[in-house]
Amino acid sequence: MAALHLRHADAYQQLLQAGTPEAESEWQLLISRLTNNESYFFRDKGQMTLLRERILPELIARNKARRSLRLWSAGCASGEEPYSLAILLEQLLPDLAEWQVLSLAADLNRQAMAQAGRCLAHTGSFPK
């Protein structure tokens, strides 16, 4: 609000709700300041242990007949989390090539997703 020289929260709310290009730009700035962009491979050890030892094995067992998995990495920042999931799947599924895996990576922060897209463009795909 200070950077925009706004004195009241109501004025800032009106700006965000205006539906203008300026409002969209401010939304993206606000999102980038409010979200955690810390991202690296296997960042949350507890989460990754739970995925490796319990969640993914249960999903694999449940979907073995169809050989199909759908994974969603919400709030993935620049993409290291979905890559970490792909690495875990390679470790848990020796026949991964015979499975159909959809890995959706999403984040509110467009700058982080753009960085993830640039990384994907350099590699050509997520690990298989």
Evaluate whether atom [atom1] of [X] has more than 12 neighbouring non-hydrogen atoms of other residues, nucleotides or ligands under 6.0 angstrom away.
| X | atom1 | result |
| --- | --- | --- |
| Glu58 | CD | yes |
| Trp99 | CH2 | yes |
| Arg70 | CZ | no |

Sidechain-backbone polar pair: Thr49 side chain, Lys45 backbone, donor-acceptor under 3.5 Å: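 The answer is yes, because a donor-acceptor pair under 3.5 Å joins these two groups.
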
In terms of hydrophobic clustering (I, L, V, M, F, W, Y; side-chain heavy atoms under 4.5 Å; direct or indirect links), are [X] and [Y] co-clustered?
| X | Y | answer |
| --- | --- | --- |
| Leu50 | Leu89 | yes |
| Leu34 | Leu4 | yes |
| Leu16 | Leu29 | no |

Heavy-atom pair with the smallest gap, counting every atom of Ala9 and Met1: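 Between these two residues, the closest heavy atoms are N-CE, 3.5 Å.
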
Pair Leu102-Leu71, side chain to side chain contact (heavy atoms under 4.5 Å, CB included): steps then yes or no: CA-CA 6 Å; Leu102 171 66; Leu71 306 172; over 6 Å; no

Check: Ser73/Glu81 side-chain N/O donor and acceptor closer than 3.5 Å: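 Side chains of Ser73 and Glu81: pair found under 3.5 Å.
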
Non-neighbouring partners of Asp10 that pass salt bridge (Lys or Arg N to Asp or Glu O under 4.0 Å), sequence neighbours left out: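 Per chain and number, Asp10 pairs via salt bridge (Lys or Arg N to Asp or Glu O under 4.0 Å) with no residue.
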
Criterion side chain to side chain contact (heavy atoms under 4.5 Å, CB included) on Leu93 and Leu56, from CA distance to verdict: CA-CA 10 Å; Leu93 274 173; Leu56 288 174; over 6 Å; no

CA sep, side-chain torsions, deciding dist, call: Gln100, Arg67, side chain to side chain contact (heavy atoms under 4.5 Å, CB included): CA-CA 6 Å; Gln100 276 199 322; Arg67 293 190 176 277; over 6 Å; no

